[in-house]
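These notes are about the structure you will find just below.
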Amino acid sequence: MAKLGIMIEGQEGLTWERWNRLIDAGERLGFDSIWRSDHLFSVMGVSERDTLALWPSLTAVATRSSTLEFGQLVSPVTYRHPVHLAFDAVSLHELSGGRFWLGVGAGWNVAEHAAFGFRLPPLKERMDRFEESLRVITGLWSGEPVTFQGEHFQLDGAQHRPAPGNGERVPIMIGGGGEKRTLRVVAEYADEWNVTTISRENYDAKVDVLKRHCEAVGRDFGAIRRSLMTGHIIGRTRQEIERRAERIQQVIPTVRDMSPGDAADQFRDRGWLVGTPVEIVEEIKAREAQGLQRFMLQTHDQDDIEALELWAAEVMPHIA
């Protein structure tokens, strides 16, 4: 049974008014979760856009909603220290009654790191830091004193109290499809593996690689939930779909040159969920057959609550 979540780019004009409205809509309409990115300014290069700070916005989900799971996709360990991630995650998990997911990544955005003075290491070093960060985070969640001497992080008798409640750790979300290291890290640490905008054929190939990593580390592949985060354009008619496509073109500068009248088809070719409710249900069921369990709808038009209402009314009942 597929679950549907809402995903928002928190650095592309997100305000408190919009965020609160989206939280309320997600809860009211029966979405299972709400997610947001962790960036410090517009990654689309629109400098005048507002950015809503990560941790206060996640705290708002914990207190404003009662059913939504939530988390970030994802926090880069290049500017989020693993000790802070570990502590903040436990607090949000407890505050929300166990609904918080910690999304963690290696970091990637060159311009963002340069602008704010954070070093972006070469890929190998980033992946080394990523793995060490997960060892630090999960070690602290044990509640026991942790001594760790890594190349990038060092702890000497560090202890986090309280440990996550009821003997459970905060669930970890890891995204990406790097076959040598990322998927091995997924096999070792992830409770949910997330991919973004990928073809069915390429997805099956990634799954095969992940299964091999799970075998190598002795992990049950079936214990890892699988999700897809992708853009979406829904409408009851072709005209409605194209109208929404045109609005999204205004949000994403790199797609503004798409031809009028067939932008929706071009978004679909990129792997987005695009079409009428019937067409989208068909695509989701095909993806479900591949083992995907959660679909995070990357909602670029943050004011289009009507699109989410259409999802809830005419897609959700057929897949949930």
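What you see is a predicted model; the values in this text were computed from it and never measured.
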H113 side chain vs N109 backbone, donor-acceptor pair below 3.5 Å:
yes
Kindly say whether L292 contributes a backbone atom to a donor-acceptor pair with the side chain of R226 at under 3.5 angstrom?
no
Hey, does the side chain of R36 reach the backbone of M7 with a donor-acceptor pair shorter than 3.5 angstrom?
no
So, R181 and D128, do they make that salt bridge, N to O below 4.0 Å?
yes
hydrophobic_cluster_shared for V255 and V274, side chain cutoff 4.5 Å:
yes
Short side-chain to backbone donor-acceptor contact, W35 and M296, under 3.5 Å
no
Would you mind reporting whether F118 and E112 have side-chain heavy atoms less than 4.5 Å apart?
no
Would you say the side chain of S227 lies within less than 4.5 Å of the side chain of Q293, judging by non-hydrogen atoms?
no
Do R247 and D303 meet the salt-bridge criterion of a basic N to acidic O distance under 4.0 Å?
no
Is a side-chain N or O of S57 found less than 3.5 angstrom from the main chain of L54, in a donor-acceptor match?
yes
Crowded around E306 CD? As in, over 12 foreign heavy atoms under 6.0 Å?
no
Less than 6.0 angstrom from the centroid, inside 45 degrees of the normal: does R294 satisfy that with respect to the ring of W101?
yes
According to salt bridge (charged side-chain N to carboxylate O under 4.0 Å, His left out), who are the partners of E283, at least two apart in sequence or on a separate chain?
R200, R287
Taken in chain and number order and not counting sequence neighbours, the residues that satisfy side-chain contact (heavy atoms from CB on, under 4.5 Å) with P253 are M44, V46, R256
Listed by chain and number, what are the ring pair (Phe, Tyr, Trp, His ring centres under 6.0 Å) partners of F267, not counting sequence neighbours?
W272
Taking the six-membered ring for Trp, are W141 and H93 ring centroids under 6.0 Å apart?
no
Given the rule in the side-chain hydrogen bond (donor to acceptor under 3.5 Å, both in side chains) test, do T78 and R119 qualify, once you have shown the distances and angles that lead to the verdict?
CA-CA 7 Å; T78 45; R119 177 173 173 263; over 6 Å; no
For T15, enumerate each residue passing the side-chain contact (heavy atoms from CB on, under 4.5 Å) test, keeping only those at least two apart in sequence or located in another chain.
E17, R18, D50
Side chain of T299, backbone of D301: donor and acceptor closer than 3.5 Å?
no
Would L102 and M173 count as a side chain to side chain contact (heavy atoms under 4.5 Å, CB included) here? Give the steps.
CA-CA 6 Å; L102 176 63; M173 175 85 65; over 6 Å; no
Within residues 206-258 or reaching into it, pairs that qualify as ring pair (Phe, Tyr, Trp, His ring centres under 6.0 Å) - sequence neighbours excluded
H232-W311
If only atom types and distance count, is the side chain of R80 paired as donor or acceptor with the main-chain N or O of S75 below 3.5 Å?
no
Pair Q11-E9, side-chain donor/acceptor within less than 3.5 Å:
yes
Salt-bridge contact R21-D24 (side-chain N to carboxylate O under 4.0 Å)
no
Charged N to carboxylate O under 4.0 angstrom, R129 versus E125?
no
Below 4.0 angstrom, N of the basic side chain to O of the carboxylate: do R184 and E179 qualify?
no
Set of ring pair (Phe, Tyr, Trp, His ring centres under 6.0 Å) partners for F41, sequence neighbours left out
F116
Between E132 and H152, is there a donor-acceptor pair closer than 3.5 Å when you use the side chain of the first and the backbone of the second?
yes
Measuring only between side-chain heavy atoms, which start at C-beta, is I23 closer than 4.5 Å to I34?
yes
